[in-house]
A.B. asks: 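The structure follows.
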Amino acid sequence: MKMVFRWYGEGNDTVTLAQIRQIPGVSGIVWALHDVPAGEEWPIEKIMAVKKLADRYGFNVDVVESVNVHEDIKLGLKTRELYIENYKNTITKLARVGVKVICYNFMPVFDWTRTDMAKGLADGSTALFYENEKIKDMDPMELVKQIASNPDLTMPGWEPERLRHLNELFEAYKSVTDEDLWQNLKYFLEQIIPVAEANAIKMAIHPDDPPWPVFGLPRIITNHENLRRLLNLVDSPYNALTLCSGSLGANAENDVPGMVREFVDRIAFAHIRNVRRFDNGDFIETSHRSADGSLDIVEIMKAYHEGGFTGYVRPDHGRHIWGEKCRPGYGLYDRALGIMYLWGIWDTLEKRR
Ligand code: CS2
Ligand code: MN
């Protein structure tokens, strides 16, 4: 496996490349142009600037997370043609700096959803928390306000640009069923996968987080059967997965090691993190260690190892520990600890081979 680390860019992240370089075994950064709105073509100068910076620290830029999909594509509107065209051009440009994997998602309106960005854990750290009942009665605008109240941090998936048209978007999605969303995803993939293939870039879809509908919006990348369906929409190795253990693992019915075993050849990018699920449907993010959450991270790593996985891996969200002030879920310390746990398991498995 190739270890990579998500980095939001200069002036946009509390973590520095100099710090990331000191985490053992990290070969690349996972990056994006966070200031380019979804749907627009990425400017080549900005792409080159990231490449240049990464070079200076010896990091590859193989993995991009995410090139966001414009809502008109998910809604299946006529205007999607322009946005699909832009997406294709972005793929071609990313190939010029050697990008190998593009992570994206197909969640309507919101990316990941939580009700508390800093819930206290027993050890005094804080972590992202999801409360089922709270979401049921919540006006999504409330959540938006809570997130927008921190002007220093625009969070991926919660960019002001995306949220500006919230009411219209909710209105537009009223008539979109799960099947419509599948059709719109298929249409998108049929157009972009040939371009991805020509540029040797794997398109790796990230599952929905949490893997069930929120605020009445449809969600489809949620379970084993649907991952299989996704891979069959366009049967190409370039139509691939970002398998996120924490997203899928929020639902106790999802057997994450089983998914790894079945799909390993189509997983281009692995997100590994743990969550603790509660009986009432709530869940909280924990350290990566198996004993701390509901997921058996050792079993997941074994499944990757046995499958001969050679793709990219990153620790996903971490807790906020040792007083670190950072983007929710994206501090340095806990993600670095997560990496050492993952390497510990992996190196042991390698020795035993
Ligand atoms: C998720 C998403 O993995 C994560 O951090 O919470 O924000 C993810 O980056 C996107 O959904 C991928 O498109
Ligand atoms: Mn993830």
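Any value given below was found using the heavy atoms of this structure, including those in side chains, with hydrogens, waters and symmetry copies removed. One-based numbering, in listed order, for ligands and for the atoms of each. Positions are given from 1, in the same order as the sequence printed here.
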A.B. asks: So for R114, does at least one of its heavy atoms come nearer than 4.0 angstrom to any atom of ligand 1?
C.D. replies: no
A.B. asks: For the rings on F129 and F283, is their centre-to-centre separation under 6.0 Å?
C.D. replies: no
A.B. asks: Could you tell me whether R273 and ligand 1 have an N or O pair separated by under 3.5 Å?
C.D. replies: no
A.B. asks: Tell me which part of F106 gets within contact of ligand 1: side chain, backbone, both or neither, using heavy atoms under 4.0 Å.
C.D. replies: neither
A.B. asks: Could you tell me if any non-hydrogen atom of C103 lies under 4.0 Å from any atom of ligand 1?
C.D. replies: yes
A.B. asks: Where does the angle between the aromatic ring planes of Y57 and F59 fall among parallel (under 30°), tilted (30 to 60°) and perpendicular (over 60°)?
C.D. replies: parallel
A.B. asks: Measuring to the Mn ion (ligand 2), does C244 have an N/O/S atom at a distance below 2.8 Å?
C.D. replies: yes
A.B. asks: In terms of relative ring orientation, are F309 and Y304 parallel, tilted or perpendicular, with 30° and 60° separating the classes?
C.D. replies: tilted
A.B. asks: If you measure every N or O of H317 against every N or O of ligand 1, does any of those distances drop under 3.5 Å?
C.D. replies: yes
A.B. asks: Any idea which N/O/S atom from H271 gets closest to the Mn ion (ligand 2)?
C.D. replies: ND1
A.B. asks: Between F263 and H224, does the ring pair (Phe, Tyr, Trp, His ring centres under 6.0 Å) criterion hold? Intermediate values first, please.
C.D. replies: CA-CA 10 Å; F263 303 123; H224 206 123; 5.1 Å; yes
A.B. asks: With respect to the Mn ion (ligand 2), please indicate if D209 possesses an N, O or S atom at a distance under 2.8 Å.
C.D. replies: no
A.B. asks: Would you tell me which option among R6, M107, H206 has the nearest heavy-atom contact to atom 3 (O) of ligand 1?
C.D. replies: H206
